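Keep in mind it's a predicted model, so treat the numbers as computed, not measured. Indexing begins at 1, ligand by ligand and atom by atom, following the structure's order.
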Amino acid sequence: MPKIRIEGGHKLTGTIPISGAKNSVVALIPTAILCDETVTISNVPEITDVDDLENILVHLNAEITRTNGKVEINSSNIINKEITETLSKKLRASYYFMGALLGKFNRVEMYFPGGCTIGARPINLHLKGFELLGAKITEEGNHFVIEAEKLKGNNIYLDFPSVGATINIMLAAVKAKGKTVIDNAAAEPEIANVATFLNNMGAKIKGAGTSTITITGVKYLHSCFHEVIPDRIEAGTYLIMGALIGENLRIENMIPNHLEALIAKLTEAGVEMEIGLDNILIKGTNNYKPIDIKTLVYPGFATDLQQVMSVFLTQCQGRSSIEETIYENRFQSLLELEKMGANVKIRPDNHKATIRGKTPLHGADVNSTDLRGGASLLVAGLIADGITNIDNISYILRGYDHIIEKLTNVGAKIEII
Ligand code: EPU
């Protein structure tokens with residue numbers, strides 16, 4: 001099995017360009033099949049989650065071409081057959097085919113999605129939304145048939161502002177008869193990106209990016225060109241690296257507004273940044289103060305940055321804390337960080353942890369527990385003394401585009417072995 005090998009301690013200098021957002025593109029690709037003509041999506045990152053979605057499109061007989069970050073999808077000859085268990089389980093975002101195929105054909109047959117094991121991750125809110133639009137759900141074990149004679153708009157209140165449920169309901173409602181209102185909708189930038197894509201095709205969606213989204217059903221969706229927004233979690237990951245081991249490190253092609261919570265917390269700890277329109281420069285590292293992090297839905301502190309941030313906390317002087325409110329099992333990577341010298345205490349309820357710093361980290365053989373956990377170990381390896389070998393790197397490669405090249409270009413000693 002390939003591993004990532006890192007020789008720690010090398011300063012990062014230069015520019016890191018940010019790629020298209022994973023959590024946006026993984027929704028945009030299934031969304032494309034709702035279009036009645038060909039669509040083009042640009043700024044598509046090269047990550048294995050995109051490969052897995054491409055395999056589902058091929059399975060459904062859609063035509064897809066991928067060149068230089070551009071993807072063209074034509075779904076005119078799509079066959080609405082069952083998405084196999086293997087394909088469904090490859091990634092979390094396979095669940096977007098539920099909303100997309102239901103919206104296009106009034107029927108979908110597939111299995112419970114896969115994804116990182118960071119909590120139970122049920123899909124009850126997605127299913128509740130489909131039912132309120134008129135669908136009937138037959139669930140046998142992890143196999144789902146969701147079908148409707150006709151989808152009809154409705155008022156849908158989400159008990160929790162789930163990203164996946166909000167997008168999935170939008171996909172199912174976009175061609176439904178009449179008006180759908182989603183209340184307590186998630187407001188992540190990726191949701192607005194998907195709504196813009198659909199509106200570019202002729203959909204009528206208002207309010208995406210706020211907690212109330214209104215969708216007026218349309219009959220036909222036409223060809224369009226659409227760009228994936230920059231990946232705020234990738235940008236945040238590199239910003240944290242910059243704060244730890246950067247020297248005039250610029251993160252560019254990003255949207256600083258999407259990272260307000262992270263920027264506020266880094267600033268509170270004493271990180272100095274020059275914030276431009278589409279870039280952030282970190283001049284150097286400093287003596288950092290301890291801080292408290294609480295993960296929340298957008299625009300709160302992103303759970304997807306919590307694990308990478310934990311590495312930063314090991315380098316703050318004093319006691320920092322993390323409260324994880326979105327997932328039940330997102331501290332596994334802290335146990336790996338301990339192997340590298342971090343001083344970590346996880347509360348028995350698994351929702352709170354404290355980190356005491358500043359502790360020097362040393363290289364070790366560690367295991368990627370999930371995508372962002374893997375990224376946190378990579379950051380730890382960059383600042384650690386000696387060699388770090390990270391196992392299970394497929395997690396990291398599913399979400400970070402050209403990560404080895406980007407880091408090598410700014411001076412890191414990192415390779416896949
Ligand atoms: N939830 C339910 N029922 C549902 C849906 C969600 O109880 O029907 C709960 C989940 O169990 C979780 C919380 O609500 O505790 C948040 O889940 P949400 O639906 O918002 O997350 P998701 O759609 O499964 C997406 C991203 C995640 C990211 C979250 C939160 C994709 C493919 N995944 O997941 O990304 O953490 O939103 O921002 O877009 C990652 O990139 O590492 C990652 C895990």
Out of all atoms in ligand 1, which are within 4.0 Å of some heavy atom of [X]? Include the element for each.
| X | result |
| --- | --- |
| Asp304 | 27 (C), 28 (C), 35 (O), 36 (O), 40 (C), 41 (O), 42 (O), 43 (C), 44 (C) |
| Lys22 | 40 (C), 41 (O) |
| Arg330 | 36 (O), 40 (C), 42 (O), 43 (C), 44 (C) |
| Leu371 | 42 (O) |
| Ile118 | 44 (C) |
| Gly164 | 19 (O), 23 (O) |
| Thr303 | 36 (O) |

Fill in: Taking every non-hydrogen atom, the tightest pair across Met241 and Leu378
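Smallest interatomic distance, heavy atoms only, reads CE-CD2, 3.9 Å.
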Side-chain H-bond candidate by donor/acceptor type, [X] with [Y], under 3.5 Å:
| X | Y | result |
| --- | --- | --- |
| Asn74 | Thr38 | yes |
| Asp391 | Asn367 | no |
| Thr359 | Asn343 | no |
| Lys104 | Ser75 | no |

Worksheet item: Around atom CG of Asn68, are there more than 12 heavy atoms of other residues, nucleotides or ligands at under 6.0 Å?
Response: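 No, CG of Asn68 has 12 or fewer neighbouring heavy atoms, counting only those of other groups under 6.0 Å.
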Worksheet item: For Lys339, does the NZ atom have more than 12 heavy-atom neighbours from other residues, nucleotides or ligands under 6.0 Å away?
Response: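 Result for NZ/Lys339: enclosed.
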Worksheet item: atom 5 (C) of ligand 1: which of Pro122, Ala120, Ala302, Ser94 has the nearest heavy atom?
Response: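 Minimum heavy-atom distance to atom 5 (C) of ligand 1 goes to Pro122.
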Item to complete: Would you mind telling me if ligand 1 is within reach of the side chain of Tyr95, the backbone, both or neither, using heavy atoms under 4.0 Å?
Response: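 Within the 4.0 Å criterion, Tyr95 contacts ligand 1 through side-chain atoms alone.
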Worksheet item: Quick one: does ligand 1 sit under 4.0 Å from the side chain of Arg372, the backbone, both or neither, non-hydrogen atoms only?
Response: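 The side chain, only.
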Discussion item. Any heavy atom of Gly119 closer to ligand 1 than 4.0 angstrom?
Written reply: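 In this structure, Gly119 fails to qualify as a contact of ligand 1 - no heavy atom is under 4.0 Å.
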Discussion item. Is there a polar contact, in the sense of an N or O pair closer than 3.5 Å, between Leu125 and ligand 1?
Written reply: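 Yes: some nitrogen or oxygen of Leu125 is under 3.5 Å from one in ligand 1.
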Worksheet item: Right, does atom 29 (C) of ligand 1 have protein non-hydrogen atoms nearer than 4.0 Å?
Response: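 When distances to the protein are checked, atom 29 (C) of ligand 1 has a heavy atom within 4.0 Å.
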Discussion item. To check your reading of the model: name the closest protein heavy atom to atom 38 (O) of ligand 1, its residue, and the distance in Å.
Written reply: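 Checking every protein heavy atom, the shortest distance to atom 38 (O) of ligand 1 gives Val163 CG2, 3.9 Å.
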Discussion item. Between Lys22 and Glu190, does any side-chain N to carboxylate O distance fall below 4.0 Å?
Written reply: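 Looking at Glu190 together with Lys22, the answer is no, because their closest N to O distance does not fall below 4.0 Å.
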Discussion item. Please verify the inter-ring angle class for Tyr298 with His258; under 30° counts as parallel, over 60° as perpendicular, anything in between as tilted.
Written reply: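 If you compare the ring of Tyr298 with that of His258, the planes turn out perpendicular.
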